[in-house]
Amino acid sequence: MKLKSLSLFTLIVLCYTVSIAQSKQLINIGQSNTIYSKILKEERTIWVQVPESVNAKTNHPNKYPVVYVLDGGVHFLSVCSVINQLSPSSVPEMIVVGIGNSENRTRDLSPTKVKEARGSSEWVKDSGGGERFTDFIAQELIPYIDNTYPTANNKTFIGHSFGGLLVVNTLINRPELFNNYIAIDPSLWWDNEVLTGKIADRLPSEKYKNKSLFLSMANPLPQDTEKDINVLIKDNSMSTEGLRAIHRFSKTVSEATNSSLDFNYKYYENEDHGTIPLISIYDGMRFLFPWYKMSGKLVDIIKNPNTTAEKLKNAFNTRFDMLSNNLGYQVYPEEEMLNNLGYMFMSNSPKKSFGLLEMAIKYYPKNANGYDSMSDYYVSQNDFQNAILYSEKALAISGSDYHKNKLQKLKNK
């Protein structure tokens, strides 16, 4: 399918921008559902958002990474919005799963049982259900999502406050469950900072290889008072207890010389506990996927008029081999990008055009569009015999009137 004339730079940008399908609804983010948990012995609400490209005609990713978000009723939309903004140029398109935690949040998200916390015993009487809730995620929710949606074996876990506490606990005790972890202003003060002690002992483990953790901390004081973290961590009041606990945890991990965990933390002096989630999700995603954005080197190779077709193909293969290695599953060049660049080079660099369209057919052999585009390539080279051959292949796949009429016009030439 032919593309209107665009500048190469504009094309490259467009090829890495999500195409939003037109619909009668202006906004349609996710679907809610309930699943019954035998482990929890109760129903649990979940929200699921699948990338629109799953229904695209020309760009068919086989599978998507999955992001699991605690307190889904609060943070699901924020995570979807950030990923929709950043993908597919800076982060991969992903399935987002929000998990409801409104019924008994303290029970679900606290990893250990305590008799008292912050001067009260009543609100923590059901505490310590975090491991059982993690069993629900590992044994019931993840298998359900994997069996229902086109998922890849790459998972991210996000939580805020008590949710961040469970995220860190999961990293420490069950690092194999997720590839990436984002803990937003986590309640690491819980149970006399028990997780800080555990992380110091676990960091040398090989289980943390290829695992990433982004941790954020908010300023617990009003904005018009103290912002300097070096001052705040020396304060002994209840107001700064949470920040001091996060800082001690972060310092422990940062100073570990025998750790393979990819770790970063950030202090947001102008954000409080309630405002920090959105910016943390954005920064966390950028931290987790710094290698995903198409490099300037590849753009230069694409734009360089002296680049050979072979060098161009090798550059694409190098990039997508890198993405595959980092994501843990096979990633192919987007069909739309290969197709559009193929048309862009068709008139002034036919060898590049052929190489790119050949790649599109190789990676997406069941799509009619690649064969249709190759037919146009041969027309541009006045090779009508091959143009008819590829037009016939496109028609055999699509059966559409468009390809039928196009083939007839080629045969009449």
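The figures here come from the full heavy-atom set of this structure, side chains too, leaving out hydrogens, waters and symmetry mates.
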Closest approach of Ala117 and Trp189, non-hydrogen atoms and distance? CB-CZ3, 4.2 Å
Ignoring hydrogens and angles, state whether a donor on the side chain of Tyr378 or Ser391 is under 3.5 Å from an acceptor on the partner side chain. no
Can you name the nearest heavy-atom pair linking Gly163 to Leu109, along with the distance? N-CD1, 3.6 Å
Side chains of Asn317 and Asp321, donor plus acceptor under 3.5 Å: no
Look at the aromatic rings of His247 and Tyr265 and report parallel, tilted or perpendicular, splitting at 30° and 60°. perpendicular
Please determine if Glu392 and Lys411 form a salt bridge, counting it only when a charged side-chain N lies under 4.0 Å from a carboxylate O. yes
What one should report as the nearest heavy-atom pair of Ser398 and His403 is OG-ND1, 2.7 Å
Side-chain ion pair, Glu358 and Lys313, N-O less than 4.0 Å: yes
Of all heavy-atom pairs between Ile279 and Ile276, which one has the smallest distance, and what is that distance? CG2-O, 3.4 Å
Just by modelled atom types, is the Phe345 backbone N or O under 3.5 Å from a matching donor or acceptor in the Ser349 side chain? no
Of all heavy-atom pairs between Val82 and Tyr282, which one has the smallest distance, and what is that distance? CG1-CA, 3.8 Å
Is any side-chain heavy atom of Thr170 less than 4.5 Å from a side-chain heavy atom of Ile137? no
State plainly whether the residues Arg174 and Glu131 are in salt-bridge range, i.e. N to O under 4.0 Å. yes
Which word best sums up how the rings of Phe157 and Tyr181 line up, parallel for under 30°, tilted for 30 to 60°, or perpendicular for over 60°? perpendicular
Salt bridge flag under 4.0 Å for residues Asp135 and Lys38: no
Could you label the plane-to-plane angle of the Phe316 and Phe320 rings as parallel, tilted or perpendicular, counting under 30° as parallel and over 60° as perpendicular? parallel
Do Ser127 side-chain atoms and Val114 backbone N/O form a donor-acceptor pair below 3.5 Å? yes
So, do Tyr343 and Leu356 sit near enough that their side-chain heavy atoms are less than 4.5 Å apart? no
